[in-house]
Amino acid sequence: MALSSLATLCSSPPVSAVRDSPAVSNLNGLSPVADDAAAPSAFLRSGGGGGDLKEIKQLHCRVAKKGPTHNNELIAKCAEVGTPESLDYALKVFEGWKEDECVAGSLFVCNSLIRACSFAGLGERAILVFVRMLEMGVMPDKYTFPFLLSACTKVSWFREGVQVHGAIVKMGFAGDMFVANTLIHFHFECGDVVDGRRLFDKMPERNVVSWTSLICGYSRRDCPKEAVSLFFDMVEAGAVPNSVTMVCVIAACAKLQDLKLGERVHSYIGNLDIEPNGHMVSALVDMYMKCGAFVTAKRIFDCCVERNLVLYNTIMSHYVKRGMAREALAVLDEMLEQGPQPDRVTMLSAISASAALNELFFGKACHGYILRNGLQEKDDNINNAMIDMYMKCGESGLACTIFNSMSNKTVVSWNSLLAGYVKIGDVRSTREIFDEMPERDLVSWNIMIGGLVQESLFEEAIEFFRMMQREGIKADKVTIVSVASACGNLGSLGLAKWIYHYTEENVIERDMLLDTAFVDMFGRCGDPKMAVQIFEKMEKRDVSSWTAIICAMATEGNGKQALELFKEMLTQGVEPDDVTFVGLLTACSHSGLVEQGRRLFQSMEEVYGISPKVVHYGCVVDLLGRAGLLEEALDFIKSMPIEPNDIIWGSLLSSCRTHKNVEIAAYAANRSPELTSDRTGIPVVLSNIYASEGKWSEVAKVRLKMKERGMHKVPGSSSTEVNGVVHQFSSGDESHPEMSRIAQMLDEINCKLRDAGHVPDLRNVLLDVDDHEKKFLLSRHSEKLAIAYTLISTGQKMPVRVVKNLRTCSDCHTYAKLVSKVYDREISIRDNNRFHFFKEGFCSCGDFW
DNA sequence: GTAGGGTTAG
């Protein structure tokens, strides 16, 4: 942590506003001992201008009786000082001016005053001066208008600007190049691209500023392509770009995120012999960062000795965006030691960095600094960023205090709060805020949908997506990434196809992230062909894209293909991450590739420097257990350097079930920490193992234990989609409206299967009842209900797709195989672990799962 | 005298 920064941030002299701050009481308690002497002087500087105003007043007293000429002197002095106070003072003097006091030189003074107002960003005062000078009969000249118009532009006073434009034309100054240049700028800032361009085209002669205004205008109006192409036109036309032109065109390249183009434009700086300045360095660093050329950007930053505020802010914001929050704070450290005084943009990055690092202490220090310097006044962004920071640091109370104190809550303020509650996982508050919002935009919906997905409320996420459509909000790629994830988790191929077509029909921008989400979605929905098709068409693929396709292969049970893809990924120079290994190990496990799995696990740390997490150990336990190597799996667990969790023991247990090993099962169950927690997986599996071996007294013991702890078994449930409607069945469920037809069908299937030689495996019934009852219960497993319903509700040869919440039992597996043959239907069952594709009596898993 | 870089939420 940047301690010196903290010390400095906390030791600045407080102003009255700090006392009213919600955070301040805490901050005062936390602040290191104030040591003003150690703080950089810039930090202690007060507002400035107070002394100058005193000087102005003294001057006023001295010249008061000397006549009108001296008023000029006084106003010129005010303009020179240029603070709001001094300009107000000038206006007051100006107000008292009488017409006959105007003398030669007054026009010059008025122009200077308007110029000063424009510089200070005080458009209103500039207009006042202009109106007053007209009243007094001081006629403006061509020097009056550029600053007057630019003052209007700066404060977005477009109505007044249009009036000024009228005055310009009436008074005959429209032909002046300087005035025309300002008019171009004004029109572009109004959003009036066409008129701006027309003005440029009509100019009889142009200078570098004319070109630059046009290039800048296009770039800022989100037409960076036109901006860059105009730059080349300009060079072609023989006009010589200067450093301002370069800044504008570099900014346009940054917007395009086109590194090649950026480098080409960069080379002009040397070729045209343009002296590099601070503005240009900042623009270049920003451009290279936005184009992903981090090393080049960093080199330019490091080489620059005279680092100005914007350059620091640029590098800081990019560090934060790239997840390098510590580095961002190190930059702040350097600024506080030697550099320019941090401003509101600096603090926005500092707050973001605090939020990313969960550094509440530092965040509060930033809050204090912001209040002491009044940076939060008139700046909603700062307040919004602080809401975000406090929410991320777990201080929802402080976040709400800031939120409630804001007089001008924008949709962004609401969204920041909303996103904060999503991050804590507080679905109820999120929903309440969402309902309470006076206005919702695309981001609000995206936060809500993303939040529901995060909380595994996939159906609700889809429902919100539909609601969003009904309200006429057009989804973007961020929405679709969340929705695709929801579809993938629901495993509904119909929904997946629908959302995919929605994206194509609505021409929603595709990027690597979205394509990767689609690959993942189709992988999970049992359409690996589609996943591969999308993957192959991708222009750029990162580690997540490769991982998604590897996982798709793993889910399908295509271990060999998964390993092939991994090889290809390495050839293309993409480094695997820990998630990639989850996919690879799962793939090996599902395909019985024990040796390959062992080797991959070994290589994780040795070759790729990735320390295995619990989930990877779980995969290996699964790999060994499924292959029947239960002793080795147990030894492996015993040798783990980290504490095995419920999932590890659960995985071993379920292998014990498959391979009927009661001893190891009992051992594992007793080691599992879950028996003392309130989740149910392990006791259920254990009781199932005892049940399948007919050890009913043991079953009763485990069940009693569960009951005492208030646990209950999660009921098996399967869903299937028929004509776009999802039908849900739970085990033994008779509530479906078409239950009598389903029962009839179940009987028919049972007869046909019996004729085909199928004997129900009654060990799958985990209750102590007679065989007749067992047969009945077995025939009502949820996947069987779903299969039967789909068979009677869909046409011949239509595939049957079932999604199950638990692992499918061995009887249902055999059942599905035979149904696929007897009824000549392709059947897929996605259980909580993988896909099974049944066709002509065989399953894609090769009975290995 | 006109034109320029960095900005919060998904």
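Because only heavy atoms are used, hydrogens play no part in the values below, and waters and symmetry mates are left out as well, while side chains stay in. Chain letters run A, B, ... following the sequence lines, proteins first and then strands; every chain starts at 1.
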Salt bridge (Lys or Arg N to Asp or Glu O under 4.0 Å) contacts touching residues 202-221 of chain A (sequence neighbours left out): A/E189-A/R220
Rounded to the nearest 0.5 Å, how far apart are CZ of A/F173 and OG1 of A/T144? 7.0 Å
For A/Y421, what residues pass the ring pair (Phe, Tyr, Trp, His ring centres under 6.0 Å) criterion, not counting sequence neighbours? none
So, using ring pair (Phe, Tyr, Trp, His ring centres under 6.0 Å) as the criterion, who are the partners of A/F465 when residues are at least two apart? A/W498, A/Y502
A/N111 and A/D141 side chains, donor-acceptor separation under 3.5 Å: yes
Applying a 4.0 Å non-hydrogen cut-off, can you work out what A/D343 is touching in the nucleic acid: base, sugar-phosphate, or nothing? base
Tell me what A/F147 touches on the nucleic acid: a base, only sugar-phosphate, or nothing, going by heavy atoms under 4.0 Å. sugar-phosphate
So, OP1 or OP2 of B/dT7: does either fall under 4.0 Å of a side-chain N or O from A/K321? yes
For residues 282-294 of chain A, which residue pairs qualify under side chain to side chain donor-acceptor pair (under 3.5 Å), counting only residues two or more places apart or in two chains? A/H266-A/Y288, A/D286-A/K290, A/D286-A/H318
Counting only side-chain nitrogens and oxygens, does A/T245 get under 4.0 Å of the OP1 or OP2 atom of B/dA3? no
Indicate, with a heavy-atom threshold strictly under 4.0 Å, whether A/T479 touches base, sugar-phosphate, or nothing. nothing
Nearest to the A/L348 side chain among B/dT7, B/dA9, B/dG5, which nucleotide is it? B/dT7
Counting only heavy atoms and a strict 4.0 angstrom limit, can you tell me which residues of residues 207-224 of chain A come near DNA chain B? A/N207, A/V209, A/T212, A/S213, A/C216, A/R220
B/dG1 base to A/D176 side chain: any donor-acceptor pair below 3.5 Å? yes
From CG of A/D380 across to P of B/dT8 the rounded distance in Å is 14 Å
Interatomic distance where OH belongs to A/Y390 and C1' belongs to B/dA9 [whole Å]: 18 Å
Mind checking side chain to side chain contact (heavy atoms under 4.5 Å, CB included) for A/E471 and listing every partner two or more places apart, or none if nothing turns up? A/R440, A/W445, A/I473
Hey, is A/Y143 stacking on B/dG1? Ring centres under 5.5 Å, planes under 30°. no
State whether the distance check finds a donor on one side and an acceptor on the other, under 3.5 Å, for side chain A/D388 versus base B/dT8. no
Please work out if A/N383 contacts a base, only the sugar-phosphate, or nothing of the nucleic acid, heavy-atom cut-off 4.0 Å. nothing
Any base atoms under 4.0 Å from A/S416, or only sugar-phosphate, or nothing? Heavy atoms, all strands. sugar-phosphate
